[in-house]
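Chain A is the first sequence line, chain B the second, and so forth, proteins listed ahead of strands; every chain is numbered from 1. The figures that follow rest on heavy atoms only: side chains count, while hydrogens, waters and symmetry mates do not.
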Protein chains: 2
Amino acid sequence: MSRLRAALDPTSVAIIGASDNPNKVGGRPVHFLDKFGFKGKVYPINPSRPEIQGHKSYASLADLPEAPEMVIVAVAGDNAIAAVEDCAAAGVKIAVVMASGFGEVDAVEGKAKERRMVAAAHKAGMRIVGPNSQGLANFGTGAIASFSTMFMDMDRAEGHVAMLSQSGALSTVPVGFLRQKGIGVRHTHATGNDADITVGELACAVAEDPEVRLMLLYLESIPDKKYLEELASIALDRDLPIIALKSGRTEAGKQAAQSHTGALANEDRVVDAFFEHHGIWRAPDMRGLVEATELYLKGWKPQGRRLVAISNSGAVCVLTADAATSVGMPMAKLAPQTDAKLKGILPSFATTTNPIDLTAALLSNSALFGDILPVIAEDPAADAFLIGVPVAGPGYDVEAFSRDAAAFGKQTGKPLVVAATQPSVAQAFAANGTSVFPTEVEAVTALHQFLAHRELMATARERRRTHNASEAPVATRSSALMLNEADSLALLASRGIPVVPHRLCLSRNEAVAAFTMIGGPVVVKGCSADIAHKSELGLVRLGVTSADATGDIFTEMEQIIARNGSCFDGVIVAAMAGGRREMMIGAHRDPVFGPVVVVGDGGKYVEIFRDTKLLLPPFSADDVREALRTLRVAPLFAGVRGEEPMDLDALTDAVVKIGELMRDPAARVVSLDLNPVMLGSAGKGCVVVDAVVFHGA
Amino acid sequence: MSRLRAALDPTSVAIIGASDNPNKVGGRPVHFLDKFGFKGKVYPINPSRPEIQGHKSYASLADLPEAPEMVIVAVAGDNAIAAVEDCAAAGVKIAVVMASGFGEVDAVEGKAKERRMVAAAHKAGMRIVGPNSQGLANFGTGAIASFSTMFMDMDRAEGHVAMLSQSGALSTVPVGFLRQKGIGVRHTHATGNDADITVGELACAVAEDPEVRLMLLYLESIPDKKYLEELASIALDRDLPIIALKSGRTEAGKQAAQSHTGALANEDRVVDAFFEHHGIWRAPDMRGLVEATELYLKGWKPQGRRLVAISNSGAVCVLTADAATSVGMPMAKLAPQTDAKLKGILPSFATTTNPIDLTAALLSNSALFGDILPVIAEDPAADAFLIGVPVAGPGYDVEAFSRDAAAFGKQTGKPLVVAATQPSVAQAFAANGTSVFPTEVEAVTALHQFLAHRELMATARERRRTHNASEAPVATRSSALMLNEADSLALLASRGIPVVPHRLCLSRNEAVAAFTMIGGPVVVKGCSADIAHKSELGLVRLGVTSADATGDIFTEMEQIIARNGSCFDGVIVAAMAGGRREMMIGAHRDPVFGPVVVVGDGGKYVEIFRDTKLLLPPFSADDVREALRTLRVAPLFAGVRGEEPMDLDALTDAVVKIGELMRDPAARVVSLDLNPVMLGSAGKGCVVVDAVVFHGA
């Protein structure tokens with residue numbers, strides 16, 4: 001761990017504002033450094049006491065025998081700023097600033113104070129965590145520079161999970177959940193306002209700790225993607241799964257986040273696309289962040305999603321089948337020989353197809369459980385297993401069940417979860433190392449997350465292998481100019497994207513000739529780089545059926561544009577495009593995440609129905625096909641009610657080319673909106689009918 | 001409790017197949033009757049023992065000093081059938097049959113055995129619970145005729161919740177969850193295969209127990225709606241909320257249910273509509289069945305859904321705002337004077353707008369909590385409250401928080417939930433009677449369910465008040481005939497539903513005249529009660545622009561229908577209907593639930609997009625408007641991008657009339673499919689363009 005070593009493994013820690021009371025902000029870190037076995041030097045700084053919690057106390061930073069590597073700034077307001085300046089001057093490497101009341105309260109004055117601290121630090125080569133930070137905690141090294149209340153009643157429980165958060169509470173609440181499940185945490189860090197070291201940068205350092213095997217993130221804003229991209233890259237290289245809870249999904253949530261950490265709002269669908277692109281699983285809520293943790297730590301290498309469920313309750317079989325189907329896990333079809341063998345063991349009223357219902361017969365014969373598992377283990381159709389024991393206790397040999405389940409898990413080497421409601425039953429299975437959830441829905445949800453996340457990581461790794469992810473310079477929309485439609489279509493055509501046959505006509509005669517060449521009926525559209533909404537001005541005429549009419553419309557549109565005071569770039573005469581479905585392709589540059597491509601169902605109501613999927617370039621044709629599969633209109637692509645399939649290859653190719661266009665710095669495209677893109681039957685292609693492109697100035 | 005009294009409060013219980021071992025199926029009920037304080041007579045029957053668990057044992061039913069009101073049949077297979085026959089002959093009132101291996105295993109032979117038992121019982125006036133039943137448990141009377149393992153480690157914990165289930169495990173697992181939350185249950189019954197007394201009939205009896213204040217149902221199939229309708233009616237009358245978990249939502253789930261209780265598959269969307277119609281909340285899973293229980297028992301009378309959230313964690317504020325927005329609970333806008341008063345109490349870096357973030361300042365000053373609550377209590381904008389305390393402990397006065405919260409709850413009388421992860425904190429709040437959930441998402445989910453369920457019940461009650469729910473006789477599809485399109489349209493028109501202007505023409509001349517009268521362009525369609533799919537045969541021609549062409553097409557279609565060997569009912573010449581959106585209205589008779597009306601987005605792909613909502617008649621115009629609001633296309637109705645609003649009144653009226661049509665026995669409509677129904681701008685109405693009606697023979 002070389003990067004930010006002084007933040008995670010300092011040789012010495014001073015606490016400015018140290019308190020003898022372990023329940024004060026300035027007392028907690030002293031207490032924790034002792035409690036969690038920190039091996040380095042601890043220097044409490046407090047001029048009014050000779051000793052703090054058994055440590056010699058110093059009057060000031062200047063009185064210390066050495067410049068400490070890390071200083072915890074536990075004083076408030078402007079005193080914190082002065083302390084940071086002192087630290088920088090003294091040669092400190094890392095200052096952890098706990099004081100709040102900066103950028104999260106006042107976006108102007110507060111942010112200015114943050115910048116002042118950071119400037120002072122950087123001039124001296126010091127780095128800052130915070131302000132408004134609850135602090136850092138590395139249980140591996142005992143470097144607990146935190147005032148977290150949760151650590152007060154927590155024993156050293158070093159594990160393999162790292163939790164990184166901007167929020168203090170959310171750095172420890174997930175840890176509390178994991179502790180309740182007996183899972184230890186190695187790191188839990190709360191970075192606060194991220195004025196200097198961001199949660200992403202710290203996460204990169206933590207991801208280099210080989211003891212970390214799962215990383216959890218809580219984020220309220222992503223002002224810069226750089227470190228998260230680097231983090232994802234490190235994580236994919238060493239096969240480290242990352243689960244992120246990003247709040248501020250809704251407008252009300254975004255507003256609350258603004259008050260909390262001064263968070264800038266991210267566009268939520270782009271956040272989804274970013275995580276997906278990088279193989280990071282996005283948790284829907286706090287439960288989702290931690291619930292599947294145990295499964296990640298098992299070392300399983302899953303091969304698929306087909307589930308086998310076994311229970312002594314038929315109802316749990318039904319509920320498991322419902323839950324699995326709902327998340328997209330099919331019930332495995334067992335081999336005939338498995339069924340035959342099970343029939344030989346189970347009573348006639350049990351169910352030997354999957355899900356397998358042992359029924360209450362288990363109460364009469366506890367051996368049934370251990371007898372059937374080896375049979376099921378041999379069936380090749382199963383990718384993962386769920387054992388549901390909703391009711392057991394007196395009359396059941398729960399100890400044997402848990403031993404048999406553990407042996408079964410070892411035998412198959414495949415993911416196995418148990419659903420058990422009763423604490424006594426759950427504890428028996430857990431004691432033998434099996435992952436237990438209170439209900440089948442929670443078990444299936446966790447299993448699905450684990451399996452789908454592994455798939456997501458594999459796809460992301462493959463994408464990274466085949467694409468050069470070097471960054472295109474970002475042209476911002478503020479410097480963008482709209483191209484007229486003819487230039488927009490020409491740009492697309494030059495990139496090999498099929499556009500509707502058309503002619504840009506600069507005179508009535510050219511318009512008449514264009515009609516004759518293209519053949520009627522045609523569409524006639526006024527062309528001006530000044531006019532975004534042509535229809536409202538009467539500059540779009542569909543189904544024009546004669547050369548003369550085309551000529552007349554040319555004249556009329558020329559006059560409309562002149563009256564409007566706009567530049568006249570000509571009149572477009574275009575073929576009436578055929579095709580079966582109006583699709584759309586869009587692209588823009590997100591201020592944080594860069595190029596974003598959108599593909600989906602098109603037409604007039606695209607903003608209402610939002611049946612679209614976002615992709616972050618670079619992406620492959622496979623990525624596009626997968627995106628198209630998730631659309632609500634997807635069933636139409638294959639053809640329904642006797643229709644032919646549609647030309648998904650052509651649409652996919654167009655989307656891939658738009659992705660490449662957005663990554664090409666020379667193209668300087670800021671945004672584009674192609675709607676409709678008429679999609680035809682297989683072999684008939686797709687064609688861009690309308691296009692608006694904004695271009696870097 | 002008069003109905004099925006002997007099942008819930010028998011004066012005497014005999015157990016055929018009684019065992020001295022309390023962990024055998026035949027031993028458990030004896031043990032439970034003693035353990036849970038049953039006051040009546042207990043008669044174990046077992047010829048091989050003089051005494052069973054301290055009770056005198058009898059050799060046979062005939063040896064008992066009286067005919068017991070209830071007999072538990074704890075012997076297996078054909079012995080069970082014989083025992084039931086003996087009971088009937090002896091004058092027993094209720095037999096609880098635990099044996100399995102009947103209809104759930106063998107739909108022919110097994111069901112026949114069930115019918116044989118029921119026939120024997122009914123002849124003697126006896127009723128049967130089961131077979132394949134885990135049994136009944138009324139903790140109010142101590143009548144525990146069950147072999148549930150869960151009751152073994154359960155103390156008497158009489159409460160106000162009733163749990164009714166077909167499944168044994170699912171009758172007790174929810175009880176286990178409730179016990180973990182300290183909530184007692186008064187009834188928990190598992191009815192098994194429902195060969196005679198169904199879970200619905202038993203639920204009606206239980207709903208008459210005045211001590212029951214919340215009813216939970218687990219259902220795998222609804223073969224008959226009668227008792228559930230009666231149950232809903234009883235429940236609405238006495239304001240008893242019912243929450244139902246109906247499994248078999250998916251194909252895999254339906255198959256598993258078939259193996260479990262021999263369940264017939266219900267159409268899941270109709271089940272949704274049925275529960276909604278009757279004010280029953282449908283739980284998505286087992287958690288959802290029990291999670292909000294506590295809130296139902298508080299006696300709150302909520303007035304709305306606007307939430308106020310308060311936390312010492314900004315992140316919890318953000319996550320709460322996200323969660324509330326997601327379920328449709330807006331964050332309340334607090335009054336300016338509330339904000340001013342909060343600013344006077346809280347430090348400057350706290351947030352005084354809703355959600356209210358106390359920040360870690362609470363660690364320095366525990367009094368903040370108690371100081372702000374009375375201020376917030378006075379604000380009229382709040383309908384419900386969430387207090388999030390994700391982290392507290394040493395340094396915090398958690399006792400005071402929990403007292404203050406309880407006092408606040410009393411002061412407002414409004415729903416209040418707490419989200420607290422740490423068990424110690426959760427326990428402190430719970431000890432003062434406040435409802436606690438581990439995370440804000442769970443708290444919001446439960447609160448939303450409670451509030452939305454109260455609204456659902458109020459709507460159902462109002463619907464029942466205004467509509468006579470007397471049942472229409474059900475014509476089944478097997479006896480249905482298709483009307484030709486002209487007759488279909490005529491039937492609709494006779495009910496005041498607007499149909500496209502058209503003429504049924506029986507000769508070429510009539511067709512020519514119809515064109516002239518209607519005015520072109522017209523649609524020409526061949527009409528035959530034998531032909532459902534006209535397009536495939538070339539019997540639909542759009543945009544016909546001349547009288548001659550109309551005449552020619554008449555001749556052509558007459559020939560097509562003749563060649564097809566179908567009856568020729570004429571040719572329809574119809575106006576080309578205008579309108580803005582293709583909607584659809586459908587209706588059919590569900591074999592279980594009776595008439596079902598469907599309304600939604602129409603057109604060719606209605607089965608693909610399924611943007612439809614089901615309604616069970618009788619329903620009101622308000623019900624239809626609410627249904628239309630839930631559609632994905634709903635935003636279009638108001639007009640988007642400068643469009644006018646659409647004529648929802650007209651569409652609503654048509655749907656209401658279809659509901660009335662389906663309830664009118666004289667109309668004898670079995671099913672109908674109106675697609676498209678062209679919906680125009682406000683004031684322009686809607687018009688049925690195509691109609692297929694099936695009619696009772």
Side-chain angles (χ1 to χ4, degrees), chain A residues 23 100-101 105 149-150 152-153 167-170 172-173 176-177 218 220 247-250 252-253 256-257 259-261 285-287 313-319 321-322 324-326 331 348-349 351 355 357 359-360 363 390-395 421-422 439 441 605 608-609 632 635-636 640, chain B residues 23 25 100-101 105 149-150 152-153 167-170 172-173 176-177 218 220 247-250 252-253 256-257 259-261 285-287 313-319 321-322 325-326 331 348-349 351 355 357 359-360 390-396 421-422 439 441 605 608-609 632 635-636 640:
Chain A
N23 281 329
S100 48
V105 171
T149 299
M150 181 150 318
M152 290 304 286
D153 64 343
S167 149
L170 265 286
T172 51
V173 168
F177 274 114
Y218 173 76
E220 276 182 18
S247 64
R249 282 184 292 118
T250 63
S259 304
H260 182 213
T261 43
D285 51 31
M286 207 189 321
R287 284 267 181 211
S313 158
V316 168
C317 288
V318 181
L319 290 166
D322 276 345
T325 305
S326 299
M331 300 304 291
S348 63
F349 48 86
T351 306
D357 179 9
T359 76
L363 177 58
V391 181
T421 306
Q422 290 162 292
T439 73
V441 168
Y605 298 125
I608 302 292
F609 295 134
R632 195 159 169 276
L636 302 190
V640 292
Chain B
N23 282 328
V25 170
S100 48
V105 171
T149 299
M150 180 146 325
M152 290 303 287
D153 64 342
S167 150
L170 265 285
T172 50
V173 168
F177 274 114
Y218 173 76
E220 276 182 18
S247 64
R249 283 185 291 117
T250 62
S259 304
H260 180 213
T261 43
D285 50 32
M286 208 189 322
R287 284 266 180 210
S313 157
V316 168
C317 287
V318 180
L319 291 166
D322 275 345
T325 304
S326 300
M331 299 305 290
S348 63
F349 48 87
T351 306
D357 179 8
T359 75
V391 182
Y396 292 90
T421 306
Q422 290 163 291
T439 74
V441 168
Y605 299 124
I608 302 293
F609 294 136
R632 195 158 169 276
L636 301 190
V640 293

Could you tell me which portion of A/Ser348 (side chain, backbone, both or neither) has an atom closer than 4.5 angstrom to a non-hydrogen atom of chain B?
backbone

How about B/Ser326 and A/Arg249: does a side-chain donor come under 3.5 Å of a side-chain acceptor?
yes

Looking at B/Ser247 and A/Leu319, what are the two nearest heavy atoms and their distance?
CB-CD2, 3.7 Å

Looking only at heavy atoms, what is the nearest atom pair of A/Thr149 and B/Pro394, with distance?
CG2-O, 3.7 Å

Sort A/Met331 into side chain, backbone, both or neither according to what part of it lies under 4.5 angstrom from a heavy atom of chain B.
side chain

Could you check whether any side-chain heavy atom of A/Val316 comes within less than 4.5 Å of a side-chain heavy atom of B/Leu170, counting everything from C-beta outward?
yes

Of B/Gly168, B/Pro635, B/Gly248, the largest count of non-hydrogen pairs under 4.5 angstrom with chain A goes to B/Gly248

Choice from B/Cys317, B/Gly314, B/Ala321 maximising heavy atom contacts with chain A below 4.5 Å:
B/Gly314

Residue part contacting chain B, namely of A/Pro355, when any heavy atom lies under 4.5 Å
side chain

Hey, what do you get for OH (B/Tyr605) to CG (A/Leu636), rounding to the nearest 0.5 Å?
5.0 Å

So what's closer than 4.5 Å to chain B heavy atoms on A/Phe609: side chain, backbone, both or neither?
both

Below 4.5 Å, heavy atoms only, C-beta onward: do A/Glu220 and B/Val318 meet side chain to side chain?
yes

What one should report as the nearest heavy-atom pair of B/Ala169 and A/Ser313 is CB-OG, 3.2 Å

Give me the atom names and distance for the closest heavy-atom approach of B/Asp322 to A/Gly253.
OD1-CA, 3.3 Å

Options B/Gly395, B/Ala315, B/Ala252, ranked by heavy-atom pairs under 4.5 Å with chain A, top entry
B/Ala315

Between A/Val173 and chain B, which part of the residue has a heavy atom less than 4.5 Å away: side chain, backbone, both or neither?
both

When heavy-atom pairs shorter than 4.5 Å are enumerated against chain B, which of A/Thr325, A/Asp153, A/Asp357 gives the highest number?
A/Thr325

Under a 4.5 Å heavy-atom cut-off, does chain B meet the side chain of A/Ala392, its backbone, both or neither?
backbone

